[in-house]
Amino acid sequence: MYAQVVVDVPSKQTNRPFDYVVPEELRTWIGVGSRVGVPFGPRTLQGFVVALSERTDMASGKLKKIEQVLDLVPPLNPELVQLARWMSRTYICHEITALQAMIPGALKAKYEKRIELADDAELKARKRADAQDGGQALLFAASPEEEAISAFVRQKGQVTTEAMLARFPEAGPLLKRMLEQGTFVEVQTVRDRMNAKTALFVAPAASPEELTAHSMKLPANAKRQKELLLWFAENLEPLPLAELTDKLDVGAGTVKALADKGLLSVTERELFRDPYAGREFRRTTPLALTPEQRQALEPVADTLERREHGVFLLHGVTGSGKTEVYLQAIQQCLDQGREAIVLVPEISLTPQMVERFKGRFGSAVAVMHSRLSQGERYDEWRKIVLKRVSVVIGARSAVFAPFDRIGLIIIDEEHESSYKQEESPKYHARDVAVERAAYHGAAVVLGSATPSLESYAKASGRLGSGAAGRYRLLTMAERVEGRPLPAVNVVDLREELKAGNRSMFSRGLYEALGQRLERQEQSVLLLNRRGYSTFVMCRSCGFVVQCPHCDISLTYHQVSRTMRCHYCGFSQPEPATCPSCESEHIRYFGTGTQRVEEELAKLFPGIRVIRMDVDTTSEKGAHERLLNRFRDRQADVLLGTQMVAKGLDFPDVTLVGVIAADTVLHLPDFRAAEKTFQLLTQVAGRAGRHRLPGEVFIQTYTPDHYSIVTASAHDFGAFLEQELDIRRQRGYPPYYELVLVTLSHEQVPLLVRAGEAFASRLKQCWEHERRGRGPGYPADSLGHLNDARGDGAYFEVYGPVASPIPRIKDRYRFQCMIKYRGNVDVAGMLAETAAAFDDTVRNDKLTISMDVNPQVLM
DNA sequence: AGCACGCCGACT
DNA sequence: GTCGGCGTGCTC
């Protein structure tokens, strides 16, 4: 049998399967999706089996053998292998990169070089050859040091270079010589980063009757053995040894004695590091659905029932009870014997959320998120591979859960940009989910109070596409129990300034905050910017302190009194005088969360504030701890960046304040208005979710902007109409698809030339394609956007131009934007262009990155 | 990605 | 005349 293996080398030339012989003894362990160690050139690499066959095109004499199988149960399955192929084409990445993204980091290959004594025969042969060569035999007269080292290696069998140098610190050069001479050979092995944790389990090895019978025959002094046997006569379940010795107060010796007699069995079993061990989850039962909820659930249930593929967009206002709909759909899916995946944005994967799922489905749930340790993550993932669970709830990468009977995939807060991975493979979990669901005949539910325009357009049929690829729209417009949406006050900060208020709090928000303190209710404050102030400028000469490695201004952090770069992490002490003109008139501009915290303390002495941003939540468990403190009413105000806007549900929160609604609005991003609308709607939804009514203050310098007006009126429809109009006019998604190609290099001139070359090649590629299709395609861009004839396909390359952040980590960046629509194989054209480009502009230091459907145009 | 093979400059 | 630069090509 032969296997096709994709090896762990992400390069253009190795981006294809290589053939290997499957040794007879490994056959039962190898399947499509197995992780294997294979010889590749001079070394051993990790690889994934992507196909098995009885035949090969290669002269079989040339084939090498698979050396080892890395897992007893293949970590991937044929469907995921196929999905990796799809991803590599769709997102233009190496196949191995897609495959690697599907397994937990713990299984990333770890290569280890070890030294062992050369085979005797081989060594003798080399000696003979050398002697004939000119009699260098003298070299082989081993010195005492050599003898010592050889003895060490012989004794250990194999040693790593590190272990060797730890024992013989001076032996570096000698070791090298001995390797050259052939006394030692280097071998490379693939190892896992992670080992499953195991423990010894004890179980009865005979029937209860036999155990009881034996216990009678035991000598009178074998009291402990007797006790143990009688216990196992009643308890048939295997038990960890440690727990047993603890519980029954018997020694391991007693167990062993009985095991030797064949009455008990002791086996090694995998233990799972359960991050939620020892936590009680209150069992919940399905709630009675509101008519709206029932109406939303019904079509999903129907699709599940028929085991058909279908995508639903569940548009439900904040507090409308989407989660209960998810839970009941999942229940039905499980009842069918199928599996479910629930995706949640990283920051809203809070204990509250986990609790709701664990509470309903108990131990059938695996949880995957980045705050788990590598070991915990690996164990949760093992539960999926070993079929111990049938529900996974997790962040983006959980979409790759290695299930093989998927019935339902839920994507909560589907508009969240964190579903897009910003590193290669730059996939969008929403698209991957739809692809997987199509394979499995599964349903997808995209849920949001503020759907992405892409999804909404697909659901409303606005793109004019046929039934194919169309999502079905489900709407829930009311909050459960008819609670009203909070009243929203938009505060014009310009008016505040005119009235002489230069504080960051408007009079309205200030008063409202004071009221909540009096009434002992809680408030949430949002400022979408961490740190203390955004930039530091000299008022004498206008100098702005910038990162020396990135073209971006540094942010001042009060606590550490440092200036930090939010892109590369560079930090330096705050300047006392202007680095440029040495003036002392340095001023801090803009407001960050730290600054607001300070201001609150000044205005409301004794106020208890919890600040939540990346700086205070980087520690493990910090996020949860802060939220618990807030829930337990140990604070009056929860102040934070966007992480306070999502999914939180605290009954006593009656006030939400947005310090500056414009921060996102003016970014050079075509989604700026959409993001602003979403953020405001989401954060407003945190108020008044329970008994007490809520109130919202939005502070802004642009109160008339449609995103702010519509968000304050809770009017998604109005926002949508306006935004879609603008997108159509400007040629942006959802009407047009984008691909962002970014080139980076240390030198600008080379980069400019490369960019031009890339763009013109790509244009040629399209010209060729276009001519093949005949006339009817507009050649120019914006003026002709709606004029596409023929099959309506359109394609245009913009740029190259310098990227919005022209330099990051000392590398300059240029980008080309590709806009297209209709039946254009852009991925194919890009792959072709990149290949041709590689052949002509060969330069290892030039990197080209492609972002299909980019979320951020940086 | 590594690593070997192969063809042109500054040194013993 | 050699050591070594990294351009080019290959890995089942």
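The model shown is predicted, which means the values in this text are computed figures rather than measured ones. The chains referred to below are lettered A, B, ... by the order of the sequence lines, with proteins before strands, and numbering in each begins at 1.
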Using the 3.5 Å cut-off, write out each protein N or O paired with an N or O of nucleotides 1-3 of chain B and the distance between them.
| residue | atom | partner | partner atom | Å |
| --- | --- | --- | --- | --- |
| dA1(B) | N3 | R43(A) | NH2 | 2.9 |
| dG2(B) | OP1 | R43(A) | NH1 | 2.9 |

*side chain to side chain donor-acceptor pair (under 3.5 Å) with D8(A): which of R35(A), Q46(A), Q100(A)?*
Q100(A)
*Of all pairs that satisfy salt bridge (Lys or Arg N to Asp or Glu O under 4.0 Å), the ones with a partner from residues 79-91 of chain A, not counting sequence neighbours*: E79(A)-R436(A), R85(A)-E95(A)
*Just to confirm, is there a sub-4.0 Å distance from OP1 or OP2 of dC12(C) to any side-chain nitrogen or oxygen of K64(A)?*
yes
*Contacts of Y820(A) that satisfy ring-ring contact (aromatic ring centres under 6.0 Å, His included) - sequence neighbours left out*: none
*asked:* How many whole angstroms separate atom CZ of F18(A) from atom P of dC12(C)?
replied: 7 Å
*Rounded to the nearest angstrom, tell me the gap between atom CG in D19(A) and atom C1' in dT11(C).*
13 Å
*Under the side-chain contact (heavy atoms from CB on, under 4.5 Å) test, residues paired with V21(A) that sit two or more places apart*: Y2(A), L63(A), K65(A)
*Can you check the E67(A) CD to dC12(C) C1' distance for me, whole Å?*
13 Å
*Spacing between L52(A) atom CG and dC12(C) atom P, to the nearest angstrom*: 19 Å
_Length of the CG-P vector between D8(A) and dC12(C), whole Å_ = 15 Å
_Show every salt bridge (Lys or Arg N to Asp or Glu O under 4.0 Å) that has at least one partner inside residues 13-29 of chain A, sequence neighbours left out._
E24(A)-R27(A), R27(A)-E54(A)
*Value in whole Å for how far the C1' atom of dG9(C) lies from CZ of R16(A)*: 13 Å
Exercise answer: donor-acceptor pairs, residues 397-405 of chain A side-chain atoms, under 3.5 Å, sequence neighbours excluded:
| residue | atom | partner | partner atom | Å |
| --- | --- | --- | --- | --- |
| R405(A) | NE | G337(A) | O | 3.0 |
| R405(A) | NH2 | G337(A) | O | 3.1 |

